[in-house]
Amino acid sequence: MLNIVLFGPPGAGKGTQSQFLIEKFGLIHLSTGDIFRRNIKEGTELGKLAQSYMNQGKLVPDEVTINMLKAELEKYPDSKGFIFDGFPRTQAQAKALDALLKEKNTSITRMIALEVPEEELKRRLADRAVTSGRLDDADPEVIQKRIDVYMDETLPVKSYYENQNKYCGINGVGAIEEVTKRLLDEINTLI
Ligand code: AMP
């Protein structure tokens, strides 16, 4: 199985790049942000809980997020592999993901991080706010909070994968196709 964690700060292009990779390699895309937004739209209890954190740019608690991810993974017993987008965002989530994959006799193949400077991220998120309808993209304070949370809580996940020799950073600046090419160059070394 090919199991990729696509990593990077909000606005790095994880969702955009995932779309290409799922088609090219026939992988299942698991974006915890998308799953939370779907729950919000459907008015579920999980959605109501998640919304209160998301609107403030904070992380949804680990236990809730991990249980949700576990339930999603179980929906695809025959998958050729997964792209994890926006997960894991904490060390506890990274450990839980390892345990869940171990139960399926598989593991993370590579964490690939899209590296984009903070000023560029803020520009992209402000642009995306016009089309995405996402409340958390529209408010500069919430954007800043999300970037701060990324630096404090999520960036340490990088060393978790570095310690397993599974981390790779690529330049996330440039045209979408250019970044895709860099991703493909890396993934082609794995298959
Ligand atoms: P995203 O679509 O990945 O930018 O996520 C949007 C928001 O959903 C984040 O700011 C968090 O509030 C929440 N979220 C998404 N993924 C996670 C996660 N793995 N752990 C905790 N909260 C998450």
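Remember, it's a predicted structure, so these values are computed and weren't measured experimentally. Whatever order the structure lists them in is the order used to number ligands and atoms, beginning at 1.
- Salt bridge present: E118 and K122 bring a charged side-chain N and a carboxylate O closer than 4.0 Å.
- The shortest separation from a heavy atom of K14 to ligand 1 is not under 4.0 Å, leaving the residue out of contact.
- Considering backbone and side-chain N/O atoms, G86 comes within less than 3.5 Å of an N/O atom of ligand 1.
- Summary of contacts: the protein heavy atom closest to atom 11 (C) of ligand 1 is K58 O, 3.5 Å.
- At least one N or O atom of Q93 sits closer than 3.5 Å to an N or O atom of ligand 1.
- Ionic pairing of E74 and K70 is present here: one or more N-O contacts between side-chain nitrogen and carboxylate oxygen are shorter than 4.0 angstrom.
- Of the protein's heavy atoms, R134 NH2, 3.2 Å lies nearest to atom 4 (O) of ligand 1.
- The distance from ligand 1 to the heavy atoms of R146 drops below 4.0 Å at these ligand atoms: 4 (O).
- Hydrophobic clustering (side-chain heavy atoms under 4.5 Å, transitive across Ile, Leu, Val, Met, Phe, Trp, Tyr) groups I4 together with F25.
- Taking a cut-off of under 4.0 Å to the non-hydrogen atoms of G33, the atoms of ligand 1 that pass are 2 (O), 5 (O), 15 (C), 16 (N).
- Applying the salt bridge (charged side-chain N to carboxylate O under 4.0 Å, His left out) definition to pairs two or more places apart or across chains, none involves residues 147-161.
- At the shortest separation from atom 13 (C) of ligand 1 among protein heavy atoms lies M54 CG, 3.7 Å.
- Across I35, V60, V157, heavy-atom proximity to atom 21 (C) of ligand 1 is greatest for V60.
- Between R123 and E119 there is no salt bridge, since none of the side-chain N atoms of the basic residue sits less than 4.0 Å from a carboxylate O of the acidic one.
- Ranking the protein heavy atoms by distance from atom 23 (C) of ligand 1 puts F36 CE1, 3.7 Å first.
- With a heavy-atom cut-off of 4.0 Å, Q56 does not touch ligand 1 at all.
- No side-chain donor from either of N3 and T109 sits under 3.5 Å from a side-chain acceptor of the other.
- Residues K166 and E186 are not paired through a salt bridge, judged by the lack of any N-O separation under 4.0 Å between the basic side chain and the carboxylate.
- Distance from atom 16 (N) of ligand 1 to its nearest protein heavy atom, with residue and atom name: T32 OG1, 2.8 Å.
- For the 3.5 Å distance criterion, the side chains of N39 and E45 fail to qualify, holding no donor opposite an acceptor.
- For residues 35-87, the pairs satisfying ring-ring contact (aromatic ring centres under 6.0 Å, His included) are F82-F84, with sequence neighbours left out.
- Considering each of E153, R37, M68, R89, the one bringing a non-hydrogen atom nearest atom 9 (C) of ligand 1 is R89.
- Checking only distances, D136 never comes within under 3.5 Å of ligand 1, N or O to N or O.
- Near T65, meaning under 4.0 Å from any of its heavy atoms, are these atoms of ligand 1: 18 (C), 19 (N), 20 (N), 21 (C).
- For the side-chain contact (heavy atoms from CB on, under 4.5 Å) with P88, the lone residue among I108, T65, T154, L97 that qualifies is L97.
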